[in-house]
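Both backbone and side-chain heavy atoms feed into the values below; hydrogens, waters and symmetry mates do not.
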Amino acid sequence: MPTWKTRGLRGSAFESLINSTNEYYRKNELALVQKIPTPITPLKFDGERKLITEAYFEKDSTVDYIGVVQEIPVCFDAKECNSDTFPMQNIHKHQYRFMEDFEKQGGVAFILILFTDRNDMYYLRFRELKIYYERMAEGHPKNFKYNELDPDYFFKADGPALVPYLEGINLDISQRDQES
């Protein structure tokens, strides 16, 4: 069983920004999106501070966030990347399958990526992820590069929405409508 130590805190700053954005969206009745906790079983505690120092994951998680945006079901995961190459190993097979099934049911699935060195955020549509995933399965690189990404889906913090992913959803849905 996989064991968790401090690696579980990677991305926590980005997730805090997303959580703040979700609260802003909720208060303004734009969206209702919640963080999905990963079920863990604690193994060791720091008795003094009452913190979990080691645990194991009880089962594979799905995605980090799930909710509804203006009657549209959404699910997404948050990832950080400290270079211009995003390793596909950061997206687990069970997460990919969940997002694929979610899209088949009429939902919108995506991944938010923070390129930390550039301080750029990217909305990775599921259908774009699928291209990279299938390419990898055919024996091509097990990653994708920053310069391969669609420039229309990069976004910056803007006002109280620190991670304004609704812009990406809006563009994603608009493009889906045009393709239909």
ask   = Less than 4.5 Å apart, any side-chain heavy atom of L32 and any of Y25?
value = no

inquiry  = One thing to verify: whether E23 and R26 come together as a salt bridge, which I'm taking to mean a side-chain N less than 4.0 angstrom from a carboxylate O.
reply    = yes

request  = Considering non-hydrogen atoms only, spot the tightest contact between D77 and T62 and give its length.
outcome  = OD1-O, 4.4 Å

query = So how far is it from K93 NZ to I91 CD1, rounded to the nearest 0.5 Å?
reply = 13.5 Å

key: Least distance between heavy atoms, A161 atom then T21 atom   = C-OG1, 3.8 Å

task = Kindly write out the residues that satisfy side chain to side chain donor-acceptor pair (under 3.5 Å) with N143, not counting sequence neighbours, or none if the list is empty.
result = none

key: Set of ring pair (Phe, Tyr, Trp, His ring centres under 6.0 Å) partners for Y132, sequence neighbours left out   = F144

Which atom pairs, one a donor and one an acceptor, fall under 3.5 Å between side chains of residues 97-109 and the rest of the protein, sequence neighbours left out?
{"unit_1": "E103", "atom_1": "OE1", "unit_2": "R176", "atom_2": "NH1", "d": "3.4"}
{"unit_1": "E103", "atom_1": "OE1", "unit_2": "R176", "atom_2": "NH2", "d": "3.3"}
{"unit_1": "E103", "atom_1": "OE2", "unit_2": "A109", "atom_2": "N", "d": "2.8"}
{"unit_1": "E103", "atom_1": "OE2", "unit_2": "R176", "atom_2": "NH2", "d": "2.8"}

query = Got more than 12 heavy atoms from elsewhere within 6.0 Å of NZ, K142?
reply = no

task = Spell out, as yes or no, whether a donor-acceptor pair under 3.5 Å connects the side chain of S20 to the backbone of S16.
result = no

key: Check ion pair K79-E15 (N to O, under 4.0 angstrom)   = no

task = Please name all residues satisfying ring pair (Phe, Tyr, Trp, His ring centres under 6.0 Å) with F76, sequence neighbours left out, ordered by chain then number.
result = Y65, F110, Y165

message = Using every non-hydrogen atom in the two residues, find where V163 and F155 come nearest and quote the distance to one decimal.
response = CG1-CE1, 3.8 Å

key: Rounded distance [0.5 Å steps], CG in D84 versus CG in D117   = 7.5 Å

task = Rounded to the nearest 0.5 Å, what's the gap from CZ on R118 to OG on S83? Could you check?
result = 10.0 Å

remark   = Correct closest heavy-atom pair for N90 and Q95 would be O-OE1, 4.0 Å

task = Output all residues satisfying side chain to side chain donor-acceptor pair (under 3.5 Å) with Y146, sequence neighbours left out; order by chain, then residue number.
result = D120

task = Go through the side-chain N and O atoms of Y122 and E128 and say whether any donor and acceptor fall under 3.5 Å apart.
result = yes

key: Results of side chain to side chain donor-acceptor pair (under 3.5 Å) for Y96 - residues two or more places apart only   = none

inquiry  = Using the rule side-chain contact (heavy atoms from CB on, under 4.5 Å), only one of M88, Q89, H94 pairs with H92; which is it?
reply    = H94

query = If you measure from CG on L166 to CG on D172, what distance do you get to the nearest 0.5 Å?
reply = 12.0 Å

request  = State whether the side chain of N82 and the backbone N or O of T116 hold a donor-acceptor pair below 3.5 Å, judged by distance alone.
outcome  = no

